[in-house]
Each structure stands twice: as C-alpha cells, then as structure tokens.
Amino acid sequence: ANATWLQTRGDYGTAGVSVTEVVGFVPRSGNWGLTYIDYGWTLRVQENFTGRALNAVNANRALQLYDYGKRKVDVSVSYRINPKFTVFVM
C-alpha cells in the first residue's frame, strides 16, 4: 500500500497573494493491492486512486474548474495447470 498527501502554495505571479491550490497539482493519491495464492489459484485485486485537482484558476473561486478524483480497480484470476502453463482472466 502507498498513500501520498501533499500541500502546496503559489501566487500565480501576484506578490502577496498566496493560494493553496495550484493548477494541475494532485495533492492526494495512493494505491493498494491484495494477492491470494493457493492450490494453483492466484487472485489479485489492486486499486489506484487520485484526489481532485484544480484544472483552471479563476478570480471568482466559485468559477474554478476541477478534475475530480479517479479510482481504478483491477482484478485478475489465474490458474496454474502445470509448471509451464497458466490461464488467466483480467
């Protein structure tokens, strides 16, 4: 498992005006995985996620655009028929 929580500050070239969201910066992300192996079977589940990120800045905070978080889950199952042959589904 892995998780990242970051903070940033920027001013977009305006001295004295500091903001905590910078366009394209993804402050939250992570992943985890689980594998089970027994009797020739292997089952894997993995998830990756990213948090929301500012896509476009606007002087009016209500008009700022965001890319909202994404989650991707991968599941795979395989069976080892013999030492040289394995079948799988992803």
Worksheet entry | Gap separating the OG atom of S78 from the CG atom of L43, nearest 0.5 angstrom |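 Answer rounded to 0.5 Å: 9.0 Å.
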Practice prompt. Rounded to the nearest 0.5 Å, what's the gap from CZ on R28 to OG1 on T4? Could you check?
Written response: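 The OG1 atom of T4 is 10.0 Å from CZ of R28, to the nearest 0.5 Å.
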Item to complete: Keeping to residues at least two apart or across chains, list the salt bridge (charged side-chain N to carboxylate O under 4.0 Å, His left out) pairs with something in residues 39-51.
Response: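 Found E47-R71.
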Practice prompt. Could you list all the salt bridge (charged side-chain N to carboxylate O under 4.0 Å, His left out) pairs where at least one residue sits in residues 51-64, not counting sequence neighbours?
Written response: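 Found E21-R52, E21-R61.
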Answer yes if [X] and [Y] sit in the same cluster of Ile, Leu, Val, Met, Phe, Trp and Tyr residues linked by side chain heavy atoms under 4.5 Å apart, and no otherwise.
X	Y	result
V73	W32	yes
V75	L34	yes
V77	I37	no

By side chain to side chain contact (heavy atoms under 4.5 Å, CB included), which residues pair with [X], not counting sequence neighbours?
X	result
V57	Y12, V23, L54, Q64
F25	L6, T8, V22, P27
N48	N31

Worksheet item: Other than V89, what residues sit in its cluster of Ile, Leu, Val, Met, Phe, Trp and Tyr side chains whose heavy atoms are under 4.5 Å apart, directly or through others?
Response: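 Its cluster mates, by chain and number: none.
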Discussion item. Apply the hydrophobic cluster definition, ILVMFWY joined by side-chain contacts under 4.5 Å directly or through others, and give me every member besides W5.
Written reply: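 Via sub-4.5 Å side-chain contacts, W5 links to none.
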Worksheet entry | ring-ring contact (aromatic ring centres under 6.0 Å, His included) partners for Y79, two or more places apart |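 Partners of Y79 by the ring-ring contact (aromatic ring centres under 6.0 Å, His included) criterion, ordered by chain and then number, come out as W41.
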Worksheet entry | Min side-chain heavy-atom separation V87-I81 under 4.5 Å |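 Yes. Closest side-chain heavy atoms under 4.5 Å.
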Counterpart residues, side chain to side chain donor-acceptor pair (under 3.5 Å), relative to [X] (two or more places apart):
X	result
N55	D67
Q46	none
Y36	D38

Fill in: Over all atoms of both residues, closest heavy-atom pair of V26 and A53
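Heavy atoms only, the tightest pair is CG2-CB, 3.9 Å.
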Discussion item. Filter on ring-ring contact (aromatic ring centres under 6.0 Å, His included), then keep only pairs touching residues 45-68, sequence neighbours left out; what's left?
Written reply: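 ring-ring contact (aromatic ring centres under 6.0 Å, His included) check on residues 45-68 returns no pairs.
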